[in-house]
Asker: 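This is the structure I have questions about; it appears just below.
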Amino acid sequence: MATIKDVAKLAGVSICTVSRTLAGKDRIRPQTKERVMEAVRTLDYKPNYSARSLKTGSTETLGLIVPDITNPYYPKIAKSIEEYAEQQGYMILLCNADEDLQKEKRLVNTLKNRGVDGVIVLPCSRRIEHFESLREADIPFVFLNRNFFGVENCVPSDNFFGAYEMTKYVLEKGHRKIVAAYLSFENNIYQERYEGTLAALDEYGLRSCAENFFFNIKNVEDAASRFQSLFQSRECPTALVASNDMICIGAYSAANKCGLRIPEDISVTGYDDIVTAEYMLPPLTSFRQPEDEIARVSVDYLLSCMMGEQPERLHPLKGKIIVRESVCTLQNTQK
């Protein structure tokens with residue numbers, strides 16, 4: 001197996017020059033860089049990153065913890081983070097907490113033992129005290145799409161704004177019998193979306209709609225079952241405002257089983273604009289979060305922390321409604 005000394009000898013340069021070239025350091029002449037890289041290809045040299053990390057104190061790896069990899073939103077944001085982190089010279093180690101607090105705690109310990117340089121987290125609950133062990137290990141971390149009171153290292157998305165805008169959109173389409181649906185408020189983004197929907201309903205004097213909201217939806221199957229009962233009742237709404245797109249999949253299934261048409265019989269809106277949203281029948285109107293901006297801001301924030309800086313607390317990032325075909329306009333409805 002070729003060593004860095006072999007590469008240096010073939011390229012006619014010092015070992016230090018090879019190391020600096022492979023690390024992407026500046027002030028390496030293009031001709032020298034080309035000779036080094038040609039030697040690397042010729043010898044099929046594979047850098048020993050473990051040894052290099054012992055020398056430099058860096059593994060050039062960032063941990064990313066997500067709550068549930070089966071929710072298509074999380075692979076979507078993970079892809080954006082991975083692409084931007086790679087541009088900055090870092091590899092992402094993706095970890096799935098599976099909506100399990102105890103597993104999330106184990107993942108924190110695993111990342112510490114792996115010696116990652118920093119961690120980006122989308123926590124599965126409001127319980128975040130276990131992440132302090134990262135700080136004690138001198139590993140910077142940042143919470144993504146979360147806004148915890150008194151916690152500075154957050155890159156929040158404005159969930160209140162998103163839900164408010166989406167509910168207002170449905171109201172402006174003439175809907176007054178509105179139901180909304182949420183996963184557990186243990187994940188505070190859903191409480192923020194609930195509060196945004198209430199704010200829009202209050203403007204129209206329709207707070208009473210909240211009496212029929214659905215809470216603590218567990219998964220797609222649970223959503224489908226609960227909506228089927230609603231759609232078969234006399235209290236069937238004209239519009240559903242869902243707190244994520246996975247809930248909408250359950251709603252589409254329930255509507256189909258009940259013989260209801262979307263949007264003619266019931267309009268449906270989602271949140272997160274997952275990849276499949278535009279391929280649903282009909283294509284789903286959803287609120288899109290700015291994933292690329294979230295990824296860039298979170299990685300830059302984390303890298304600043306890793307350099308010993310103390311970045312200012314960030315303002316919540318705002319997304320936008322992606323209008324498709326799942327909402328109809330009701331005529332002759334007064335505000």
Side-chain angles (χ1 to χ4, degrees), residues 68 70-73 76 99 162-185 190 193-194 196-198 200-201 204-288 320-335:
D68 181 9
T70 64
N71 182 335
Y73 171 72
K76 185 180 180 184
E99 298 288 2
Y164 171 84
E165 287 291 297
M166 183 59 81
T167 308
K168 189 76 173 290
Y169 171 78
V170 171
L171 289 163
E172 289 173 348
K173 288 289 187 177
H175 294 272
R176 298 296 180 267
K177 294 180 64 176
I178 296 172
V179 68
Y182 305 90
L183 276 69
S184 170
F185 284 3
Y190 295 114
R193 294 175 189 179
Y194 167 71
T197 289
L198 287 185
L201 291 174
Y204 282 71
L206 294 172
R207 168 70 72 120
S208 60
C209 287
E211 296 173 4
N212 298 316
F213 283 6
F214 288 86
F215 300 98
N216 296 313
I217 289 182
K218 298 179 177 61
N219 49 42
V220 173
E221 293 78 14
D222 183 38
S225 174
R226 294 168 73 174
F227 289 139
Q228 188 170 346
S229 298
L230 174 65
F231 295 164
Q232 291 172 334
S233 72
R234 294 182 179 180
E235 301 301 321
C236 184
T238 65
L240 164 66
V241 177
S243 61
N244 75 11
D245 289 349
M246 297 297 286
I247 291 174
C248 296
I249 295 174
Y252 271 51
S253 174
N256 181 61
K257 290 179 180 178
C258 294
L260 298 181
R261 300 165 300 167
I262 299 173
E264 292 86 353
D265 298 316
I266 181 166
S267 294
V268 179
T269 68
Y271 204 109
D272 292 334
D273 192 35
I274 62 176
V275 175
T276 56
E278 65 177 308
Y279 301 108
M280 296 168 67
L281 294 175
L284 178 67
T285 292
S286 186
F287 192 86
R288 177 185 295 170
K320 61 182 180 181
I321 297 174
I322 303 301
V323 176
R324 297 194 179 95
E325 303 169 23
S326 62
V327 179
C328 71
T329 300
L330 296 187
Q331 304 298 329
N332 302 319
T333 302
Q334 300 297 317
K335 179 176 176 179

Asker: Please identify each residue that fulfils side chain to side chain donor-acceptor pair (under 3.5 Å) with N256, with sequence neighbours left out.
Answerer: none
Asker: Do D273 and R324 pass the side-chain contact (heavy atoms from CB on, under 4.5 Å) test, and can you show the C-alpha distance, the side-chain angles, and the key distance before you say yes or no?
Answerer: CA-CA 11 Å; D273 192 35; R324 297 194 179 95; 2.9 Å; yes
Asker: Going through the checks in order, is the side-chain contact (heavy atoms from CB on, under 4.5 Å) test met by H175 and V327?
Answerer: CA-CA 10 Å; H175 294 272; V327 179; 4.3 Å; yes
Asker: Compare every heavy atom of N216 with every heavy atom of F185, then report the nearest pair and how far apart it is.
Answerer: N-OD1, 4.4 Å
Asker: Indicate yes or no for a side-chain donor-acceptor contact from S225 to the backbone of E221 under 3.5 Å, with no hydrogens or angles considered.
Answerer: no
Asker: Could you check whether any side-chain N or O of R193 sits under 3.5 Å from a backbone N or O of S243, counting only pairs where one atom can act as donor and the other as acceptor?
Answerer: yes
Asker: Looking at every heavy atom in both G250 and A223, which two are closest together, and how far apart are they?
Answerer: CA-CB, 4.3 Å
Asker: Under a 3.5 Å distance rule, please check whether S233 uses its side chain to pair with a backbone N or O of L230 as donor and acceptor.
Answerer: yes
Asker: Flag the pair I266 / F231 as yes when at least one side-chain heavy-atom distance between them is below 4.5 Å, and no otherwise.
Answerer: yes
Asker: Nearest 0.5 Å, please: how far is CD in Q228 from CD in Q232?
Answerer: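 The CD atom of Q232 sits 5.0 Å away from the CD atom of Q228.
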Asker: Hey, are the side chains of V170 and K173 touching, using non-hydrogen atoms and a 4.5 Å cut-off?
Answerer: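 A side-chain contact under 4.5 Å is absent here.
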Asker: Could you walk me through whether R226 and I217 pass the side-chain contact (heavy atoms from CB on, under 4.5 Å) test, one step at a time?
Answerer: CA-CA 9 Å; R226 294 168 73 174; I217 289 182; 3.7 Å; yes
Asker: Minimum heavy-atom separation for S267 to C328, with atom names?
Answerer: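 Residues S267 and C328, closest heavy atoms: OG-N, 2.9 Å.
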Asker: Could you tell me whether the side chain of K76 reaches within less than 4.5 Å of the side chain of I274, counting heavy atoms only?
Answerer: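 No; the side chains remain at least 4.5 Å from each other.
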Asker: I'd like to check S326 versus Y252 (side-chain heavy atoms, cut-off strictly below 4.5 Å). Are they in contact?
Answerer: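 Of all side-chain heavy-atom pairs linking Y252 with S326, at least one is under 4.5 Å.
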Asker: Can you check whether L183 reaches F215 side chain to side chain, under 4.5 Å on heavy atoms?
Answerer: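 A side-chain contact is absent here, since even the closest heavy-atom pair is not under 4.5 Å.
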Asker: Distance check, rounded to the nearest 0.5 Å: L171 atom CG versus L330 atom CG?
Answerer: 11.0 Å
Asker: Looking at K177, I want to see if its NZ is surrounded by more than 12 non-hydrogen atoms of other residues, nucleotides or ligands under 6.0 Å.
Answerer: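 Enclosed: over 12 neighbouring heavy atoms sit under 6.0 Å from NZ of K177.
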Asker: Supply the atom-to-atom distance T285 OG1 to E278 CD, rounded to the nearest 0.5 angstrom.
Answerer: 12.0 Å
Asker: In this structure, is the centre-to-centre distance between the rings of F214 and Y182 below 6.0 Å?
Answerer: no
Asker: Answer whether the closest heavy-atom distance between the side chains of I178 and P237 falls below 4.5 Å.
Answerer: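 They are not in side-chain contact.
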Asker: State the CD-OG1 distance between E264 and T238, to the nearest 0.5 angstrom.
Answerer: 13.0 Å
Asker: Under 4.5 Å between any side-chain heavy atoms of I321 and T269, yes or no?
Answerer: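 The answer is no; the side chains never approach within 4.5 Å.
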Asker: Let me know which of V268, L281, L284 forms a side-chain contact (heavy atoms from CB on, under 4.5 Å) with I262.
Answerer: V268
Asker: How far does CD of E99 sit from CG of N219, to the nearest 0.5 angstrom?
Answerer: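 The distance works out to 11.0 Å.
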Asker: Check for me whether the distance between the ring centres of F287 and Y271 falls short of 6.0 Å.
Answerer: yes
Asker: Below 4.5 Å, heavy atoms only, C-beta onward: do L260 and C236 meet side chain to side chain?
Answerer: yes
Asker: With rounding to the nearest 0.5 Å, note down the distance linking OH in Y204 to OG1 in T167.
Answerer: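 Y204 OH to T167 OG1: 11.0 Å, rounded to 0.5 Å.
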Asker: Let me see the working for D245 and I249 under side-chain contact (heavy atoms from CB on, under 4.5 Å), right down to the final yes or no.
Answerer: CA-CA 7 Å; D245 289 349; I249 295 174; over 6 Å; no
